[in-house]
Amino acid sequence: MRPELIDDVSQSALDPAGVGATQIVDLFHWMVGGGVVIWLIVVGLSVYSIVVPGGHRPRLTKTLVIGGGAVVPTVVLSSLLCYALAMLPELHRPPPSDSPTVKVNGVRWWWRVQYQTDDGRTIETANEIRLPVDEAVEFKLTSEDVIHSFWIPSLGGKVDMIPGRETRLKLYPTRVGKFRGVCAEYCGTAHAQMRFDVTVMPRPEFNRWLSNQSSDAREPSQQSAIRGGELFRRKGCGACHTIRGTDARGRVGPDLTHLASRSSLGAATKPNNTENLRHWITHTHHVKPGVTMPAFQALDEREVDAIVAYLEQLH
Ligand code: CUA
């Protein structure tokens, strides 16, 4: 099934919105530009060698072979190597100690995201990362099952997520906006549907978001949502999902404490709206083949309505 495109989210390494991505684009342009120039010279010489009248002068031929075959590649490749190596210290220097650290675990086929609050608590969300603009941020990456690869093309390079090891990535977003993150290492059936949303926002807005995320789940007040909360417990959803402030403490699937505040469902497969949420609960495998969550097709219409009402007030 083809994933539905979600609004105008940028997913292009050629549309940089961060320091790392800008460096990568610059390097790309130099390489492409250099490659085109060399290609033109080679084609020009080939044409010349075919059409040159009166045979080739041995001295000129020798100069061309040594110059074009040894000197030029050595100079060009060495310069490119130095240019690329000069970028590494900037990409790998540790960020300032007060910059946010985000832990991301790759799971087939979604992303467990953890933030550290100022008072030292760890709060968890899923498939969505928010970052303050113009600040360095360090990602600590690992995997809970197979090798995944964490990549936000508009912000920087990709880094593998390896089970049992922690890899690190520093990003420095320079533009406010919404960007798409993807898994860049084939990891199984739903690899192409393992995506996430990245929102870069001004610091005050980020602080408000983080403070909301660190609170426990909202108590339902409307009748249908209250019934939905009970059904959520009765049907055993809490065995896999956590909703902080309730007795749902499962660790298998994504934390749903603030599900309604997220812009997408099913690891950025579908926009987060009522219709898609209903469809997700009852037809998980249609949305994401291979997903671990069973489709709850045995629920009747009113039960689905109630559970959706409950989940939709988890802002
Ligand atoms: Cu995870 Cu591909």
Side-chain angles (χ1 to χ4, degrees), residues 1-7 9-15 17-18 20-21 24 91 101-115 122 124-131 137-171 173 178-200 240-242 250-256 259 262-272 276 280 283-295:
M1 173 164 175
R2 273 179 53 177
E4 185 180 320
L5 281 177
I6 301 178
D7 47 59
V9 180
S10 173
Q11 185 191 323
S12 170
L14 299 178
D15 174 29
I24 291 168
L91 285 174
T101 299
V102 187
K103 262 183 94 168
V104 186
N105 284 13
V107 191
R108 279 183 299 181
W109 288 274
W110 59 280
W111 311 81
R112 191 190 299 283
V113 179
Q114 290 173 330
Y115 283 81
T122 300
E124 188 167 312
T125 177
N127 305 320
E128 183 175 270
I129 290 170
R130 302 216 184 189
L131 303 171
V137 55
E138 187 172 46
F139 287 93
K140 293 181 176 175
L141 309 166
T142 187
S143 164
E144 296 183 14
D145 36 51
V146 298
I147 298 177
H148 303 276
S149 180
F150 180 87
W151 190 27
I152 310 168
S154 295
L155 298 190
K158 64 185 91 159
V159 171
D160 275 2
M161 307 171 104
I162 301 159
R165 266 181 66 175
E166 186 181 82
T167 46
R168 292 182 181 218
L169 171 70
K170 192 185 89 177
L171 293 177
K178 286 197 77 173
F179 308 97
R180 170 74 67 242
V182 293
C183 178
E185 170 92 25
Y186 182 71
C187 54
T189 315
H191 156 73
Q193 279 106 315
M194 187 174 169
R195 313 188 290 174
F196 57 100
D197 294 310
V198 182
T199 307
V200 177
C240 293
H241 294 285
T242 290
R251 299 277 302 153
V252 181
D255 185 305
L256 303 179
L259 175 72
R262 299 180 202 152
S263 52
S264 66
L265 297 170
T269 310
K270 296 263 182 194
N272 187 1
N276 287 338
W280 173 258
H283 297 82
T284 36
H285 291 78
H286 289 200
V287 183
K288 190 185 276 201
V291 66
T292 323
M293 177 172 154

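For ligands, and for the atoms within them, numbers begin at 1 and follow the listed sequence.
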Protein N/O/S atoms under 2.8 Å of atom 2 (Cu) of ligand 1? C183 SG, E185 O, C187 SG, H191 ND1

Quick test of your reading of the model: are R168 and E166 salt-bridged, counting only N-O distances below 4.0 Å? yes

Under 3.5 Å donor-acceptor, N272 side chain and R262 backbone: yes

Where does the angle between the aromatic ring planes of F150 and W111 fall among parallel (under 30°), tilted (30 to 60°) and perpendicular (over 60°)? perpendicular

Using the test side-chain contact (heavy atoms from CB on, under 4.5 Å), find all partners of T167 that sit at least two apart in sequence or belong to another chain. L141, V159, I162

Distance, nearest 0.5 Å, that separates CE of M161 from OG of S149: 8.5 Å

Checking side chain to side chain contact (heavy atoms under 4.5 Å, CB included) against P254, which of E124, H241, E128 comes through? H241

